[in-house]
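Reviewing the structure listed below.
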Amino acid sequence: MGLSKKDILDMESLDAEEINLILDTADSLKEISERQIKKVPTLRGKTIVLLFHEPSTRTRTSFDIAAKRLSADSVSLSASSSSTVKGETLIDTARNLEAMNPDVIVIRHASAGVPHMIARKVSTSVINAGDGMHAHPSQSLLDLLTVRQAKGKLEGLSIAIIGDITRSRVARSNIIGFTKMGANVVLAGPPTMIPAEIEKLGALVTYNTEEAVADADVIMMLRIQTERKNSFLFSNAREYSMVYGLNEKRLKNARDDVLIMHPGPVNRGVEISPEVADGPYSIILDQVTNGVAVRMALFYLVAGGSRNADDN
Ligand code: CP
């Protein structure tokens, strides 16, 4: 079975079967990154454009590495190096890129809905690498893969997502992704950082950090995104850390087999202490490793690579 869609834009438009297909494909492609020669010819002759209009370390690099591991050619374009600075519209930019016949356009943008708009205007496959506060589907997929690998399942797990839920596209995509796969999502954080009616996405809300920590199989901490609507929405970082941050003392109330996650970038000492971020329960760097595998799977599934014994 393949993916029947042209684009990967959000978790709403993927069903559980498609999510499992992406995770299974990522699982099978992961070992390529563990080889001495980390490259297979699966997507030889394919071209991937990375259009990043927002800063990124993990997502941009791992999409680029994923393309190269599958032998696709990748081209990177940032906001400052594209002709949007001269007044060209994003739609014109996308149409001009399409005229060069790429197979996939990966786009990150600060405005929600930009990847969806571009996907409607071009016949090239579009992958959303994060749009405003809306969606970050490849992050959610790598988070699902990381938990599935560590726990052996997703169904029935309790996932606590703690922090700046309002401004987090990762939280939105993960509420949808984890609940679709049968996990239970609990959100915690200051009331100013939890949007009204977020429960409609299928999550429960608590304002009690201790409760969220104690009941969780997985705790995902989120950074406060002051770059979006430039305000802290809390008195100060020190107080935030005391009430909502994850530190060793608070972690004592957690389950013995709890897993600690964070999509990055981490603000050490604010939402998570360095001891916890680097400690034995942390799978933060496993998330990053799986980011390459998941993005290889997405390219493979949308760019129509043929995979057989000769490829590998
Ligand atoms: N998780 C994530 O999107 O990180 P980057 O902003 O570094 O890509």
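This chain uses plain numbering: 1 for the first residue, then up along the sequence. Computed over heavy atoms, backbone and side chain alike; hydrogens, waters and symmetry mates excluded. Just follow the structure's listing: the first ligand is 1, and inside any ligand the first atom is 1.
Counting only residues at least two apart or on different chains, the ring pair (Phe, Tyr, Trp, His ring centres under 6.0 Å) pairs with a member in residues 132-191 are H116-H134.
For the pair R295 and F63, the cation sits on the ring face: its NZ or CZ lies under 6.0 Å from the ring centre, inside 45° of the axis.
Residues lining ligand 1 at a heavy-atom distance below 4.0 Å are given as S56, T57, R58, T59, R108, H136, Q139, P263, G264, ordered by chain and residue number.
Pairing each heavy atom of G269 with each of S241, the nearest pair is O-OG, 3.3 Å.
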Report the C-alpha distance between E98 and K121 in whole Å, list the side-chain angles of each, state the deciding distance to 0.1 Å, and finish with yes or no for salt bridge (Lys or Arg N to Asp or Glu O under 4.0 Å).
CA-CA 10 Å; E98 184 188 31; K121 300 286 182 189; over 6 Å; no
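Counting heavy atoms from C-beta outward, I161 and N174 have side chains that approach closer than 4.5 Å. Between Q287 and D143 there is a side-chain heavy-atom pair separated by less than 4.5 Å.
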